[in-house]
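Notes follow the structure.
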Amino acid sequence: MEFTWHRRYGHGVSEEDKGFGPIFEEQPINTIYPEESLEGKVSLNCRARASPFPVYKWRMNNGDVDLTSDRYSMVGGNLVINNPDKQKDAGTYYCLASNNYGMVRSTEAILSFGYLDPFPPEERPEVRVKEGKGMVLLCDPPYHFPDDLSYRWLLNEFPVFITMDKRRFVSQTNGNLYIANVEASDKGNYSCFVSSPSITKSVFSKFIPLIPIPERTTKPYPADIVVQFKDIYALMGQNVTLECFALGNPVPDIRWRKVLEPMPSTAEISTSGAVLKIFNIQLEDEGIYECEAENIRGKDKHQARIYVQAFPEWVEHINDTEVDIGSDLYWPCIATGKPIPTIRWLKNGYAYHKGELRLYDVTFENAGMYQCIAENTYGAIYANAELKILALAPTFEMNPMKKKILAAKGGRVIIECKPKAAPKPKFSWSKGTEWLVNSSRILIWEDGSLEINNITRNDGGVYTCFAENNRGKANSTGTLVITDPTRIILAPINADITVGENATMQCAASFDPALDLTFVWSFNGYVIDFNKENIHYQRNFMLDANGELLIRNAQLKHAGRYTCTAQTIVDNSSASADLVVRGPPGPPGGLRIEDIRATSVALTWSRGSDNHSPISKYTIQTRTILSDDWKDAKTDPPIIEGNMEAARAVDLIPWMEYEFRVVATNTLGIGEPSLPSNRIKTDGAAPNVAPSDVGGGGGSNRELTITWAPLSREYHYGNNFGYIVAFKPFDGEEWKKVTVTNPDTGRYVHKDETMSPSTAFQVKVKAFNNKGDGPYSLIAVINSAQDAPSEAPTEVGVKVLSSSEISVHWKHVLEKIVESYQIRYWAAHDKEAAAHRVQVTSQEYSARLENLLPDTQYFVEVGACNSAGCGPPSDVIETFTRKAPPSQPPRIISSVRSGSRYIITWDHVVALSNESTVTGYKVLYRPDGQHDGKLYSTHKHSIEVPIPRDGEYVVEVRAHSDGGDGVVSQVKISGTSTLSSSFLGLLLPALGILVYLEF
């Protein structure tokens, strides 16, 4: 190993030393100073913590900075450069901080000068482009530093900036303005506006006139990617931006993807698809990225790779360390990054070593401030640490021997002796005045500890440890006290129980009465937490020196080894016993399905735990897509003995999806089922079940309707399931067959114009699938549809009931095949096709038509019908509904109590010209809250009603006309003298009575 020394720092530590070398708290960073800045100075910061206080120096481009010059000044450790000059001051700087413990060097910082020159003064030529064609306006930014410009384009004047959209794009890579296809609205003067955020300066170019040339028809052309991203190297954690823009007519759509991999979760597409941003890029985001532009005329693609690199990062770094003089030191310093960083070392600010650092037989010369630097092409990280060399005589001040050491008779004790000393001292021991040497029972360890085995009462006494090195010697004394040993005197014994029973594990111990005894129970090596496991585990605290354990309601999981440990602060003793818990079997494993047939499959499995009770039998269970319930399957053999690990499930449904599981049983119960098998489908087979409920009949003219109950999915047994329907006249010989391919239908209608009505047919139905046909159903006898009636109802008449209702009556036809009558009606202003229909049974002679329009002409006809249809209609009858009833309610003007009656008076209602004339009034007298009451009719404008005996009554008044009843008015009356608050009381002096008007 080669060492380079420039100055001697550091020293050995011979006594308590609270000083320390410099530790950076602030270091210089890369700085850009604007050349046009008016500030006139720039500061590079450096601050370190140290005791005693550090002294600072600065270096530039590996030369010392002349701090005596007026151009430089120091503020603490900060370097201030006055009137910075690019030619003199641009470069790489670092700071050195030192005290008598050593010197450290800061990270390097680059001071550069930023600028953004103006655009050239020359005018820019105009650009002429045909409408529909793509174009680009070049920005051609002026000279600048750094290269972190942002670009926008002005249109005609400041501050009118172009808004980017799907058709227009400004590249932040070169500043150019791209227009996918030019429109007449693009005409104008354009200027490239450039900003430098580092120096907060902006400039803009001379205006470029853009003149679109009109075209009668713009021709489409395919997508052409003109903004392309290149292969790039990105640092992990950075944000990466890719640009892609295409010319084309119509405007192309842009899509992004990562080739052969999913897009990063942090990827974001913006600017109408032209920009892909990946935030906080990671190593797994490395790969090939593709941009695709497409319109109706064609597509274009572009690919490039992103390489993700990584700044150095510490895996293990150095820390302040103290080592004994004369010892060896391996100081690990490991970093990761991409590329893999190299390691170099500084000592007291100067180059010292490269790679792994190992020091042998260290001396005071090795003391000082060390810096481990991990660096790759993207930067460097520093780890700083102070190495102190210890050299001092042994001392027990910080760590004296224990004054009293306890040890159990027959046991083992280690008496520690750990003085502070450098170099490492030699150790010796004495008991009283007797020097101790290594023997079969006594051993002095390398670190000074004394080990005594098979302790006897005679080993008690005063022990002294002596430590000595080349700088001095010291000793420390302690007393060894011998105690009675801890012994298990009542050990737990093996137990055998059944699930749900209780078990007791005994444990008692003898111990030294001067000590405290505790019991610790563990299960299969893990200590039992009685606070968490108090449901099943309980301790017996009633007996001294007894640690009995009660296991309540034991489950299979409680089977295992239980260990009781009796312990004092001096020693411990343990004893163990096994608990066997017998219960139902565990789940079988390794279930496999083989030899799949239409109605059976073969199953194999491996036996699970029998939980200490032999397995007596197995049960195979199945589950289909038709139900979530598990059901016991029929098997071959019917009883699966406990020593078997294979069987066959039989009587399965063909072409059905199944899951299987196996359950073991023993004398203690049914065990847990195995995990379900993978879902399988049995092979197909021809149907073996015939459709049921075959019947039919009825329908329209010249039709034979055949119906049946469709078979459920479990009886399909295969693909291409359907039905074959066979039928023939009752006395016929040959069956006619048709195929129905819809598996869910249960109806077939056969049409035949030559078919006689109400003819008897024999019918039968069977199912089929791709494996064959099933059996036919039983033969059913049905009739073909009857003929529709041939007669029209006669003597049809109409009676107008009101403005919205009429009654229609007719005379029945003589045919027996009539099942109902249909009344069709429509208003004169409607088309007949929009007629309303009312259907009544064949026993009815009349029908009431409601919700008609008032004062409207209607046409009405009646026809006889059956299942085959309706016969010819009657003659059309013409009628008019009456005018509407009065729309104005009667205005109640008074409600007067006179003796045992109330006199209710109202104004006469005058009908409008389009309303029916008032012929009288209807008055309903009812209890409040009820709908029924007593109805009065009168031609007068008043009525007398009895005073209510209890509660309130409502008097409703409405006008009556040929068109029906009008709108109601109402008043509440009461048998008490209290006046209703809903009326206004008016005193009529002339009449001497009280009148109430309703609001």
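Numbers here simply count residues along the sequence, with the first being 1.
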Hey, does the side chain of [X] reach the backbone of [Y] with a donor-acceptor pair shorter than 3.5 angstrom?
X      : Y      : answer
Asp571 : Ala408 : no
Arg607 : Gly642 : yes
Gln282 : Asn280 : yes
Trp521 : Gly547 : yes
Asn666 : Gly583 : yes
Asn469 : Leu392 : yes
Glu25  : Ile23  : no
Ser476 : Pro400 : no

Within a strict 4.5 Å, meaning less than it, do heavy atoms of the [X] and [Y] side chains meet?
X      : Y      : answer
Asn502 : Ile497 : no
Pro492 : Tyr562 : no
Gln309 : Lys338 : yes
Pro332 : Tyr330 : yes
Cys372 : Trp314 : yes
Asn611 : Val581 : no
Thr342 : Glu375 : yes
Phe519 : Glu548 : no

What's the spacing between [X] [atom1] and [Y] [atom2] if we round to 0.5 Å?
X      : Y      : atom1 : atom2 : result
Thr464 : Trp435 : OG1   : CH2   : 8.5 Å
Leu387 : Asp320 : CG    : CG    : 9.5 Å
Thr321 : Glu386 : OG1   : CD    : 10.0 Å
Lys420 : Thr395 : NZ    : OG1   : 9.0 Å
Arg539 : Leu549 : CZ    : CG    : 8.0 Å
Thr604 : Leu591 : OG1   : CG    : 7.0 Å

Over 12 non-hydrogen atoms of neighbours within 6.0 angstrom of [atom1] in [X]:
X      : atom1 : value
Leu283 : CG    : yes
Leu443 : CG    : yes
Asp516 : CG    : no
Asn678 : CG    : no
Leu675 : CG    : no
Glu397 : CD    : no
Ile334 : CD1   : yes
Phe53  : CZ    : no

Closest approach of [X] and [Y], non-hydrogen atoms and distance?
X      : Y      : answer
Thr565 : Ser574 : OG1-OG, 2.8 Å
Asn376 : Pro312 : OD1-CD, 3.4 Å
Gly432 : Ser430 : O-OG, 3.6 Å
Tyr101 : Pro52  : CE1-CD, 4.1 Å
Met505 : Ala577 : SD-CB, 4.1 Å
Ile318 : Ala383 : CD1-O, 3.6 Å

Full working for side-chain hydrogen bond (donor to acceptor under 3.5 Å, both in side chains) between Thr486 and Asn572 = CA-CA 6 Å; Thr486 303; Asn572 63 72; over 6 Å; no

Taking atom types as modelled, is there a side-chain donor on Ser613 or Thr667 under 3.5 Å from an acceptor on the other?
-> yes

Take Ser428 and Ile444 through the test side-chain contact (heavy atoms from CB on, under 4.5 Å) and record every step on the way to the result.
-> CA-CA 8 Å; Ser428 58; Ile444 300 174; 5.7 Å; no

Candidate pair Gln555 and Val499, rule side-chain contact (heavy atoms from CB on, under 4.5 Å), full reasoning | CA-CA 5 Å; Gln555 303 298 308; Val499 167; 3.8 Å; yes

Relative to the ring of Tyr370, is the ring of Trp345 parallel (under 30°), tilted (30 to 60°) or perpendicular (over 60°)?
->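 Judged by the thresholds at 30° and 60°, the geometry between Trp345 and Tyr370 is perpendicular.
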
Check the angle between the aromatic planes of His536 and His558 and answer parallel, tilted or perpendicular using the 30° and 60° thresholds.
-> tilted

Taking the six-membered ring for Trp, are Tyr618 and Trp605 ring centroids under 6.0 Å apart?
->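 Yes; Trp605 has its ring centre under 6.0 Å from that of Tyr618.
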
Please assess Lys424 against Glu446 for the test salt bridge (charged side-chain N to carboxylate O under 4.0 Å, His left out), listing each intermediate value before the final yes or no.
-> CA-CA 10 Å; Lys424 182 180 178 181; Glu446 188 75 17; 3.7 Å; yes

Take Ile381 and Phe311 through the test side-chain contact (heavy atoms from CB on, under 4.5 Å) and record every step on the way to the result.
-> CA-CA 9 Å; Ile381 52 176; Phe311 197 79; 3.6 Å; yes

Could you please spell out the steps behind the salt bridge (charged side-chain N to carboxylate O under 4.0 Å, His left out) verdict for Arg661 and Glu659?
-> CA-CA 7 Å; Arg661 70 183 187 184; Glu659 291 175 282; over 6 Å; no

For the pair Ser449 and Asp447, evaluate side-chain hydrogen bond (donor to acceptor under 3.5 Å, both in side chains) and give the outcome as yes or no after the intermediate values.
-> CA-CA 6 Å; Ser449 299; Asp447 68 354; 3.2 Å; yes

Applying the side-chain hydrogen bond (donor to acceptor under 3.5 Å, both in side chains) test to Asp459, which of Lys409, Lys431, Arg441 qualifies?
-> Arg441

Evaluate salt bridge (charged side-chain N to carboxylate O under 4.0 Å, His left out) for Asp484 paired with Arg457, printing each intermediate quantity in order.
-> CA-CA 9 Å; Asp484 292 335; Arg457 291 286 182 185; 2.3 Å; yes

Does the side-chain contact (heavy atoms from CB on, under 4.5 Å) test come out yes or no for Ile442 and Trp429, once each step is laid out?
-> CA-CA 11 Å; Ile442 297 174; Trp429 283 82; over 6 Å; no

